[in-house]
Amino acid sequence: MSNAMNFGTKSFKPRAPDKGAFPLDHFGECKAFKERFMKCLKDNSFDNSKCRLQSKDYLECRMDNQLMAKEPLARLGFKDLMDPPPNQADRDTKP
Amino acid sequence: MLLPLLVRPSLCGPQASVILTRCVRTLHSQAEHFLRRRLPPRPHGHSRGTKTRGRKSKSQEEEWKSRNKTVLTYIAAAGVGMIGLSYAAVPLYRLYCQASGLGGTAVAGHDADQVETMTPVKERVLKISFNADTHASMQWNFRPQQTEIFVVPGETALAFYRAKNPTDQPIIGISTYNVVPFEAGQYFNKIQCFCFEEQRLNPHEEVDMPVFFYIDPEFDEDPRMARVDTIILSYTFFEAKEGQKLPLPGY
């Protein structure tokens with residue numbers, strides 16, 4: 001689709017990911033976290049906002065097993081999940 | 001009388017050309033007829049004043065010559081200007097594209113720190129659909145683990161694909177992706193994924209491949225994206241040969 005030789009039309013230009021590629025999880029070390037995340041998605045009709053805790057857990061698992069470069073979770077957009085929630089108690093659902 | 005000739009659809013080649021010539025001839029004769037009636041009678045003073053005509057024509061000729069010269073210089077200058085403009089167009093267009101963000105060029109201000117500071121735009125819910133393809137000669141089974149996911153701009157999201165190598169040989173795959181609609185592609189930022197790098201699957205191995213991405217919060221402010229509710233992310237896997245070096249896309 002992006003190879004159509006249409007002069008002047010915009011074509012899609014793929015960009016490299018910011019932090020590179022995920023190494024493959026050959027041994028399934030984080031499979032349990034992934035299953036939890038997928039279950040959460042299915043239960044919440046695929047609403048990502050409700051399953052951010054599970055996605056945070058999955059990424060933490062990856063970092064612990066050297067499947068991802070260690071980074072402070074705030075840099076991955078999980079800043080709101082890190083704060084102790086005095087006024088956000090009803091925001092995040094429990095797994 | 002002409003109408004049936006004109007209206008008749010064109011038949012095979014020679015017949016059509018015969019009809020055409022007949023058409024043109026009748027048109028020509030009719031046009032001549034009209035023109036002869038319209039033209040005013042030749043002026044009386046046509047044969048008079050040959051002397052003045054001779055003098056006038058000389059100065060007229062000189063005037064025409066000088067006018068022609070100026071016209072020619074203007075045309076030559078315009079031609080040179082056009083050539084210069086075509087050379088200058090390349091950097092100018094590049095500047096324009098960077099300023100306006102057209103053509104899928106990277107929008108200024110997209111950097112890794114943005115992930116930390118961005119706030120989700122909770123009112124705008126977008127549906128991201130996932131699609132997985134393989135090249136015809138690629139034997140992996142590659143499919144998304146969820147058909148769609150609902151995200152909001154400014155919020156990081158995780159999605160999974162699954163790939164299985166059903167053969168008895170290890171196969172190395174490399175993938176690329178595509179985002180539809182095209183203009184939304186500039187707001188689709190991947191933090192980490194599995195594309196553009198060789199991924200090796202051993203025989204009968206199955207792995208989960210995550211994509212960690214977010215939609216730029218500026219998506220909500222772009223008037224061109226006002227009616228966009230669905231974004232389709234499509235990955236395609238190709239088989240990579242050993243030692244093949246593919247260029248990584250970038251700017």
Side-chain angles (χ1 to χ4, degrees), chain A residues 1-4 8-35 37-38 40-42 44-52 54-59 61-62 67-69 71-82 91, chain B residues 102-106 111-113 115-118 120 122 125 127-128 145-152 154-160 163 176-180 182-183 185-186 188-197 199-202 205-214 248-251:
Chain A
M1 203 192 324
S2 56
N3 295 332
T9 54
K10 289 174 264 202
S11 66
F12 177 72
K13 290 186 172 56
R15 283 182 302 185
D18 292 342
K19 301 208 192 321
F22 276 124
L24 285 187
D25 184 7
H26 287 281
F27 302 112
E29 288 154 337
C30 295
K31 201 168 165 103
F33 292 90
K34 182 213 68 147
E35 291 298 335
F37 175 70
M38 296 305 298
C40 168
L41 278 186
K42 286 192 190 107
N44 290 301
S45 59
F46 297 101
D47 187 358
N48 176 63
S49 320
K50 301 208 169 62
C51 296
R52 302 201 55 232
Q54 286 78 4
S55 60
K56 177 174 85 79
D57 289 338
Y58 178 80
L59 293 175
C61 165
R62 275 211 160 227
L67 291 169
M68 186 174 162
E71 283 220 41
L73 286 169
R75 298 212 67 182
L76 297 172
F78 291 114
K79 182 168 55 126
D80 53 328
L81 293 179
M82 309 296 294
R91 269 275 199 96
Chain B
L102 289 178
T105 49
D111 55 337
D113 293 334
V115 184
E116 224 175 326
T117 51
M118 66 185 181
K122 296 235 180 239
V125 180
K127 179 168 98 160
I128 315 281
Q145 293 193 34
Q146 66 285 305
T147 41
E148 63 207 10
I149 196 170
F150 294 93
V151 301
V152 295
E155 204 172 58
T156 51
L158 190 61
F160 285 93
T176 182
Y177 75 102
N178 197 0
V179 174
V180 176
F182 291 155
E183 295 87 2
Q186 61 177 329
F188 188 88
N189 303 318
K190 294 190 295 14
I191 299 176
Q192 211 163 356
C193 71
F194 52 88
C195 41
F196 308 122
E197 276 199 20
Q199 312 284 356
R200 184 195 167 93
L201 275 187
N202 294 319
E205 186 179 1
E206 188 172 14
V207 288
D208 301 314
M209 295 174 154
V211 183
F212 192 47
F213 64 94
Y214 67 95
L248 197 69
Y251 292 106

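Atoms considered below: every heavy atom in the structure, side chains included; atoms not considered: hydrogens, waters and symmetry mates. Just so we're on the same page: letters track the sequence lines, and every chain starts at 1.
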**Asked** Sub-3.5 Å donor-acceptor pair from the side chain of A:Lys31 to the main-chain atoms of B:Asp208, do we have one?
**Response** no
**Asked** For residues A:Asp18 and B:Gln192, is any side-chain donor paired with an opposing acceptor at under 3.5 Å?
**Response** no
**Item:** Side chain A:Asn48, main chain B:Thr156, donor-acceptor under 3.5 Å
**Value:** yes
**Fill in**
Ranked by heavy-atom pairs below 4.5 Å to chain B, first place among A:Phe46, A:Phe37, A:Phe22, A:Tyr58 goes to A:Phe22
**Item:** chain A contact via B:Glu205 - which portion, at a heavy-atom distance below 4.5 Å
**Value:** side chain
**Item:** Under 4.5 Å from any heavy atom of chain A - which part of B:Tyr177
**Value:** both
**Asked** For A:Gly77, does its backbone N or O pair with a side-chain atom of A:Arg52 as donor and acceptor, under 3.5 Å?
**Response** yes
**Message:** I'd like to verify something: which residue of B:Leu201, B:Val179, B:Val151 has the highest number of heavy-atom pairs under 4.5 Å with chain A?
**Reply:** B:Val179
**Prompt:** Under 3.5 Å, is there a donor-acceptor pair linking the side chains of A:Gln54 and A:Lys34?
**Reply:** no
**Request:** Against chain B, label A:Phe27 side chain, backbone, both or neither, depending on which of its atoms sit under 4.5 Å from a heavy atom there.
**Result:** neither
**Message:** With chain B as the partner, which of A:Ala74, A:Pro23, A:Cys30 has the greatest number of non-hydrogen pairs under 4.5 Å?
**Reply:** A:Ala74
**Prompt:** Is it the side chain or the backbone of B:Phe213 that comes within 4.5 Å of chain A heavy atoms, both, or neither?
**Reply:** neither
**Request:** Please look at A:Leu76 and chain B and tell me whether the side chain, the backbone, both or neither of the residue comes under 4.5 angstrom of a heavy atom of that chain.
**Result:** both
**Complete:** Highest number of heavy-atom pairs under 4.5 Å with chain A among B:Ile149, B:Val211, B:Ile191 belongs to B:Ile191
